Number of protein chains: 2
Amino acid sequence: MKVLIVEDDQFHATYLQEALAEALPEVTEIFHAADGAAGEEEARQGEIEAIVMDLQMEHRNGIEAARTIWAERPQSRILFWSNYADDAYLRGIAQVVPEESAYGYVLKTASRDRLKLALRAVLVEAQIIVDREIHRLQKRGTAPRTRLDDSEFDVLIDLALGLQDKSIAERRGMSLRTVQNRLLSLYDKLGVSSDLDEHLTLNKRVRALNRALATRTINIETLEAAQRDLKTWLAGRR
Amino acid sequence: MKVLIVEDDQFHATYLQEALAEALPEVTEIFHAADGAAGEEEARQGEIEAIVMDLQMEHRNGIEAARTIWAERPQSRILFWSNYADDAYLRGIAQVVPEESAYGYVLKTASRDRLKLALRAVLVEAQIIVDREIHRLQKRGTAPRTRLDDSEFDVLIDLALGLQDKSIAERRGMSLRTVQNRLLSLYDKLGVSSDLDEHLTLNKRVRALNRALATRTINIETLEAAQRDLKTWLAGRR
DNA sequence: AAAGCTGTTGCGGGTTCCCGCAAATATTTT
DNA sequence: AAAATATTTGCGGGAACCCGCAACAGCTTT
């Protein structure tokens with residue numbers, strides 16, 4: 001069995017390599033790539049279907065790499081291994097994972113045993129496994145009261161890019177007023193006007209972005225990816 | 001000579017420890033703390049004045065820890081050692097470093113030799129040294145045309161928190177119109193309306209925050225710290 | 001001292017935003 | 001199928017925002 005490690009941090013890569021050797025004796029070859037683009041290439045060349053993938057990397061991050069890998073080989077099993085428990089990453093993964101494939105999400109702070117368990121579960125048994133720590137992120141100060149649904153999330157992305165209501169309506173195919181309704185529920189769920197001094201009125205749009213970042217609903221990589229999407233959309237509508 | 005390592009990643013900590021032993025034979029004791037709060041405590045207890053500090057950590061990050069350490073012992077020498085070349089971190093450090101003390105900033109991607117050099121320069125020779133890579137961050141897509149000056153940066157922070165013009169004016173002691181002038185130059189320097197389709201008009205405030213994040217002028221930690229400052233300011237004005 | 005620069009402030013008006021109200025649709029429950 | 005509930009949409013208006021124009025003030029340059 002061949003396994004590919006995509007990880008830009010040298011120390012973490014060797015640690016992973018060791019854990020992998022210990023946990024899965026059936027592994028015969030371990031490949032290594034130091035960024036997302038190289039990872040895609042390795043996976044393609046070596047026809048590798050068991051991958052451990054870091055999320056934050058130069059050039060192309062783990063989620064983007066996973067998307068193209070899965071596009072070529074939907075049955076690939078990918079264990080994501082990350083420093084952060086951002087909801088933004090989970091959402092990103094959920095958007096690219098195909099029906100038929102297995103994946104997992106483990107934090108780098110997880111114990112060696114837990115990592116080994118996840119390695120076996122995902123790469124060998126093709127299970128889906130998500131570190132419980134990740135759901136515990138609700139603790140963050142004022143986390144969103146309720147999870148955003150997809151359409152709210154879309155509007156949040158557009159808001160975060162700086163689009164104005166009219167453009168959002170056009171892009172998402174909603175009426176102006178509906179966009180504004182979404183914004184209202186966004187403001188509510190993100191707790192825009194709840195915390196901080198109540199005598200202080202805030203700029204809701206900016207505050208919404210601020211809160212979305214603070215609660216890890218989106219992160220900077222999300223924004224950069226969204227910006228690229230927006231550009232292609234702009235190009236496509238002429 | 002005693003040295004304190006404040007670093008939450010186990011692998012990086014041991015790597016540092018090795019490099020430290022190689023580079024500085026005069027080191028007799030190496031202490032270790034896994035987060036900012038523990039770091040402050042160790043430094044206080046052990047009366048340590050040579051410190052290597054990670055930036056991104058739980059509880060208290062490196063900059064906050066450095067602030068209290070420097071407040072107690074201004075002559076402490078601190079080498080910051082970080083994954084990211086964010087301008088936000090440099091600004092943060094510049095704000096807390098006292099006149100009389102030495103510090104340095106090295107990226108984790110730096111070669112072992114460069115790290116060793118920095119260790120010697122800062123911890124022993126009490127020089128100030130900043131990794132050149134960090135200034136090269138101008139490359140990022142559309143980096144700010146010109147560096148923001150302090151008053152623009154202040155306004156940016158307030159904008160990012162969601163304050164409206166009137167509140168910013170009050171907090172910073174400027175007239176409403178002056179705040180708006182600052183915003184104008186902010187929009188200009190951050191390239192708010194330059195990139196992206198020119199037929200698309202954007203929400204400038206949100207876009208400014210977006211660009212400030214994309215160019216690493218501020219980061220999420222900056223926002224969280226700024227929010228705490230705002231809260232104490234709100235409490236203080238009654 | 002006069003002539004520039006540069007930064008501050010007030011005024012005014014065109015936009016965008018936020019959101020209550022109410023009618024029209026769509027979805028779910030009974 | 002009827003009733004109840006939830007969403008979508010238009011209208012309208014007050015507030016905030018963006019910003020050109022112009023009057024000043026504090027500096028530096030000639």
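Not measured: the values here are computed from a predicted model. The basis for the numbers below is simple: all heavy atoms, side chains too, and nothing from hydrogens, waters or symmetry mates. In what follows, every chain begins at residue 1, and chains take the letters A, B, ... in the order their sequences are listed.
Residue Leu159(A) contributes atom CG, which lies 11 Å from atom C1' of dC17(C) at whole-angstrom precision. Atoms CG (Asn203(A)) and C1' (dT15(C)) sit 15 Å apart, rounded to a whole Å. The separation between Asp188(B) atom CG and dG7(C) atom C1' is 16 Å, rounded to whole Å.
Checking Leu202(B) against Gly173(B), the closest nucleotide of DNA chain C that is more toward the 5' end is the one next to Gly173(B).
Considering all non-hydrogen atoms of both residues, Arg211(A) and Gly191(A) come closest at NE-O, 4.0 Å. Contact between Leu213(A) and Leu223(B) at its shortest, heavy atoms only, is CD1-CD1, 4.2 Å.
Side-chain contact check for Asp154(B) and Ser151(B): no donor-acceptor pair (N or O, by modelled atom type) lies under 3.5 Å. In this model, a donor atom of one side chain and an acceptor atom of the other lie less than 3.5 Å apart for Arg177(B) and Asn181(B).
Distances shorter than 4.0 Å separate none of the side-chain N or O atoms of Lys204(B) from OP1 or OP2 on dT15(C).
Lys166(A) comes within 4.0 angstrom of nothing in the nucleic acid, heavy atoms only.
For Asp54(A) and Lys108(A), the salt-bridge test passes: some basic side-chain N is under 4.0 Å from an acidic carboxylate O.
Aromatic ring pairs are classed by plane angle as parallel below 30°, tilted from 30° to 60° and perpendicular above 60°; the pair Trp70(B) and Phe80(B) is perpendicular. Using bins of under 30°, 30° to 60° and over 60° for the plane-to-plane angle, the ring pair Trp81(A)/His12(A) lands in the perpendicular bin.
Shown for residues 176-186 of chain B: residues whose heavy atoms fall under 4.0 angstrom of DNA chain C, namely Arg177(B), Thr178(B), Asn181(B), Arg182(B).
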Which side-chain N or O atoms in residues 88-99 of chain B pair as donor and acceptor under 3.5 Å with protein atoms at least two apart or in another chain?
unit_1   : atom_1 : unit_2    : atom_2 : d
Tyr89(B) : OH     : Glu221(B) : OE1    : 2.4
Arg91(B) : NH2    : Leu148(B) : O      : 3.1

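Taking 4.0 Å as the cutoff to heavy atoms of chain A, we find the contact window on DNA chain D bounded by dT8(D) to dC17(D).
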